[in-house]
2 protein chains.
Amino acid sequence: MKGIRQLAKHLDISIGTVSRALNDRPDVNEETRKRVLAAAEELGYVANQSGRSLRQGTTNVIGLMIESSKETVENSDNFFLGVTGGLQSVLSRHKLDLLMLPCPNDEDPHEYLKRMVARRIVDAMIISATQRVDKRIDLLVKAKIPFVALGRSTSGGNHTWIDLDFEGVAACAVDRLVSKGHRRIAIAAPSNDINLGYIFVDTYRQALERHGIAFDPSLVIRVKSSEQGGYQAGHEMLRLDSKPTAIILIYELMAIGLYRRLNEAGIIPGRDLAVIGFREEPRGKFLQPSLTCFRMSLRDLGVELAETLLATMPAYAAHYPKGARNTIWPLELVPGESDAFSLKA
Amino acid sequence: MKGIRQLAKHLDISIGTVSRALNDRPDVNEETRKRVLAAAEELGYVANQSGRSLRQGTTNVIGLMIESSKETVENSDNFFLGVTGGLQSVLSRHKLDLLMLPCPNDEDPHEYLKRMVARRIVDAMIISATQRVDKRIDLLVKAKIPFVALGRSTSGGNHTWIDLDFEGVAACAVDRLVSKGHRRIAIAAPSNDINLGYIFVDTYRQALERHGIAFDPSLVIRVKSSEQGGYQAGHEMLRLDSKPTAIILIYELMAIGLYRRLNEAGIIPGRDLAVIGFREEPRGKFLQPSLTCFRMSLRDLGVELAETLLATMPAYAAHYPKGARNTIWPLELVPGESDAFSLKA
DNA sequence: ACGCTTTCCGGAAACGTTTTAGTATGGCAG
DNA sequence: CTGCCATACTAAAACGTTTCCGGAAAGCGT
C-alpha cells in the first residue's frame, strides 16, 4: 500500500475526499465514507504518521519521561509499568499513543527533554521524579507544551502536578505511633534536595509538635532510599545515646536493610521497635514480621494522570472538567505486625 | 524558531546548504558548516522530526514492545527498565531513540503492533514475551521491518532472536542436584504453551536421562510463574506419595510462595529439601535461607540486543559483525543455602 | 587562453497527508 | 425563471525537511 493516493485511485475518488472520509469530517456523503472505510480496511491502509504530523503539527503521541538510572532500576518496583496501564486505558480512548522516553543515564535529563521537545515528536509530556527546582518545567512552560509533573516543584510558576500525599502519610504514621505511646520517633529520609525528603521530614516535625513533642534533629537520619540506606539507618539509630522506640521509613525498600541490621543486633521489629514503611512495595510483602505500610493503586494513579493531562490540552479539554490543577494522591494504611510494639499497658 | 528556512535566511544561505551542513554531508565548505552549526546552537534549532521522517522515510526510532498486563506488572521485576539501560547506551551512539510501546492489556498484541507498523513510526522493532507461535513475527517479516525477538519462536522462518539459556540452567540445576545424591527431583513450570515451560521441562528430562534417572511425569508440577504458583507447587509436591528430595523452580518468584508452604509444613529449605530457583530476582534476595539461583546482567543483555538489532538494519550493519542470528544468553550460578541438603555422607 | 576537474552552493522537486478554496449539482423559495 | 443555499466533491496549497541537479567559481595542467 503506497499511500492515500493509491487508495483514492483505486476508488476513483479524489484524495481529499478520501482523507475527509477517514477522518470523520463533514462534507462527505455517507455512502462514499463507507466505501472508503471498507477499501481502507481491505487494503490495510493506515495513514502515514509522518505525513499527518507534518501537516497537522500534531503527533498524537504523549511522552512519558522516565529515568533509567542504575538506582532507579534497582530501587523502584514496577512503578512505571503499573502506572502505564492506567494511562493507556484513558489515552487509547482518544487514539493517543504513549511513548516512554527513557533518559539515558549519561545524559542530562534537561538536555534530553529539550531535544525531544525540539524534534516535536510529542504533543504533551508527563515528567516524573521532579526536583524541587527543575529546569525541565521551565522548559516545557516556555515551549508551551502541555504537561503534567508527577511530583510537585517550585519551578515554573503554578504548573499542573500530581503528587503522593506525603503529608498525610507522615502525619498518619506519627499519629499512629504517638497513640501507642511512642515519643522518641526516628525517621529515615533522603536529603532535603529531594522533594520527598523535604516535605516528609517537615510534616513529621509539624506532627510531632502538634502532639507537644519537641523535634529532635538527631532523630532525622539522612540516608539513601535503598536497601543499603535502610541498613545504614539501622546502624546510625543504634549508635544514638538516647535510642528511639519507633522509626518511620520514607521508602519501604529500606525496611529490608533495616530488618537485617536489627536482626544482627538481636532486635525484633514489632516487639522491641515499632517500624512503619512508606509505600507498599512487592519486595517488602515478604518480610517477617509483616511491615505496616501505605498502599496505593498505581493503575488509578495512571488514570488520574492521563485525565489531568488531557484537561490541559486544548484539543481535549472539553471532555474533562478543568478540575484542580494540583492533586494530592491519597494512600491507604495497611496495618502489619511491625508496629505492634506499644508503650502503653 | 520556525524552521530551517528561518535559519537559512538568518545566515543568508540557501536551505539546501544548511541542511547539508547539519547532516554532515560532503559538498559543504568547512567554514560555512561551522557557521551553520554555531547558528543552530545559538538559535536552538533542531530539525523537525516529522519533516525529516517524511522525506527520508526513516524515523530514527527503535520500538520496544512490552506488554503491560497485570501479570507482567506484578510478577516481573524491573526487567525492561534494566534492559533499557543497555539498549540506550548503544542506540544513542547512533542517534537512535528508543520508543517503548506498551501494548494496552485490552488490545490484541498483534493488532497493536500492526497499527504501529502501518503508521511507520519506527525503523525497527524489538519484541518480547514471544509465544511459540507468534503472529507478530510473521507480520514483521512480511512488512520487512528489521527486528529482534527476545525469546525464540517457531514462527516466521529463521528470524533473529536472543533467548535466555534455559537449557544450560536446567541442565546445571539437575547436574548439581544429582551430584549431591538426589534422584527424585521435582520441577515447577508453567504449561508447554509457554516457550519457557516447554524447553525447561524438556531439558530437565534429558538431563535426568543422561544420569540414568527415569523421567517421572508426576514430578512435573504445572503452575503459574508467580508467588501463588510457588505456594501451589509446594502444596502439590507434599501430596505426592513418593516425595521428591529436591525441587527446581522455573521462576524465582515462586520461591517465596514455596517457602511459605514449606514453612507451614515445618519443612526447612536447604535442610529437608533442596531448592534451586531459575533467575535472580530482587525479591528473592531476602529469603531465609538464601536461595541458590542463576544471575544475569540485564544491562549486558540490552547491549547485546541492540547490537544484534543494528546488525539486521542495512543502514547500520556495516558497524556490526554479522554474527550469529540466534544468541543463547548465559546465566551464572549463584550458590546459596537452599540447596545445601545433600543425600551423600 | 583553453578545457577540465573540483569545490561549493542555490533552486526545486519530492515525501504523504490535511485543509482551504472553489465548483458543479440539485432543491427550494420567491 | 432566477437567485440562493446546501451538499458533495475536486484541485491545489501547505507543512519542513532532504536530496537531486545544474551551475558558478576557482584551481590546474597544457
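Naming convention: chains lettered A, B, ... in sequence-line order (proteins, then strands); numbering from 1 in each chain.
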Anything under 3.5 Å between a donor and an acceptor, one on a side chain of residues 7-17 of chain A, the other on a protein residue two or more places apart or in another chain? List them.
unit_1, atom_1, unit_2, atom_2, d
A:Ser14, OG, A:Thr17, N, 3.4
A:Ser14, OG, A:Thr17, OG1, 3.2

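Looking at residues 112-122 of chain A, you'll see that no heavy atom sits under 4.0 Å from any atom of DNA chain C. Of the residues in residues 49-58 of chain B, those lying under 4.0 Å from DNA chain C by heavy-atom distance are B:Leu54, B:Arg55. Across residues 12-20 of chain A, A:Ile13, A:Ser14, A:Thr17, A:Arg20 each have a non-hydrogen atom less than 4.0 Å from an atom of DNA chain D (numbered order).
Across the protein-nucleic acid pair, A:Arg25 atom CZ and D:dT10 atom P stand 17 Å apart, rounded to whole Å. One atom, CG of B:Asn29, and another, P of D:dA25, lie 16 Å apart when rounded to the nearest Å. Atom CG in B:Asn60 sits roughly 13 Å away from atom C1' in D:dT18 (whole-Å rounding). The separation between B:Gln6 atom CD and D:dT17 atom C1' is 15 Å, rounded to whole Å.
Partners of B:Arg119 by side-chain hydrogen bond (donor to acceptor under 3.5 Å, both in side chains), not counting sequence neighbours, listed by chain and number: A:Gln49, A:Asp97. The salt bridge (Lys or Arg N to Asp or Glu O under 4.0 Å) search around A:Arg120 returns none, not counting sequence neighbours. Taking the salt bridge (Lys or Arg N to Asp or Glu O under 4.0 Å) definition, one finds that A:Glu30 meets it with A:Arg33, sequence neighbours left out. Shown here are the salt bridge (Lys or Arg N to Asp or Glu O under 4.0 Å) partners of A:Asp123, two or more places apart in sequence or in another chain: there are none. When the salt bridge (Lys or Arg N to Asp or Glu O under 4.0 Å) test is applied to A:Glu107, the partners found at least two apart in sequence or on another chain are A:Arg115. Judged as a side-chain hydrogen bond (donor to acceptor under 3.5 Å, both in side chains), and not counting sequence neighbours, B:Asp27 has no contacts.
Relative to the axis of its first five pairs, the axis of the last five pairs of the helix from C:dA1-D:dT30 to C:dG30-D:dC1 sits at 50°, rounded to 10 degrees.
Comparing A:Asp27 and A:Asn23 against DNA chain C, the residue whose closest nucleotide sits nearer the 5' end is A:Asn23.
Read 5' to 3', the first and last nucleotides of DNA chain C with an atom closer than 4.0 Å to a heavy atom of chain B are C:dC8 to C:dG16.
Within the 3.5 Å criterion, the main-chain N or O of A:Arg136 finds a donor-acceptor partner in the side chain of A:Asp134. Under the 3.5 Å distance criterion, the side-chain polar atoms of A:Thr130 are left unmatched by any main-chain donor or acceptor of A:Ser153. Put simply, the side chain of A:Gln88 gets close to the backbone of B:Pro102: a donor and an acceptor are under 3.5 Å apart.
The 12-atom threshold is exceeded at NE2 of A:His94, counting heavy atoms of other residues, nucleotides or ligands nearer than 6.0 Å.
The shortest distance between side-chain heavy atoms of B:Phe80 and B:Ser128 falls below 4.5 Å. Using a 4.5 Å cut-off on side-chain heavy atoms (C-beta onward), B:Phe147 and B:Val141 make contact.
From B:Asn48, atom CG reaches atom OG of A:Ser50 across 9.5 Å, with rounding to the nearest 0.5 Å. Note that the NZ atom of B:Lys142 and the NZ atom of B:Lys114 stand 7.5 Å from one another [nearest 0.5 Å].
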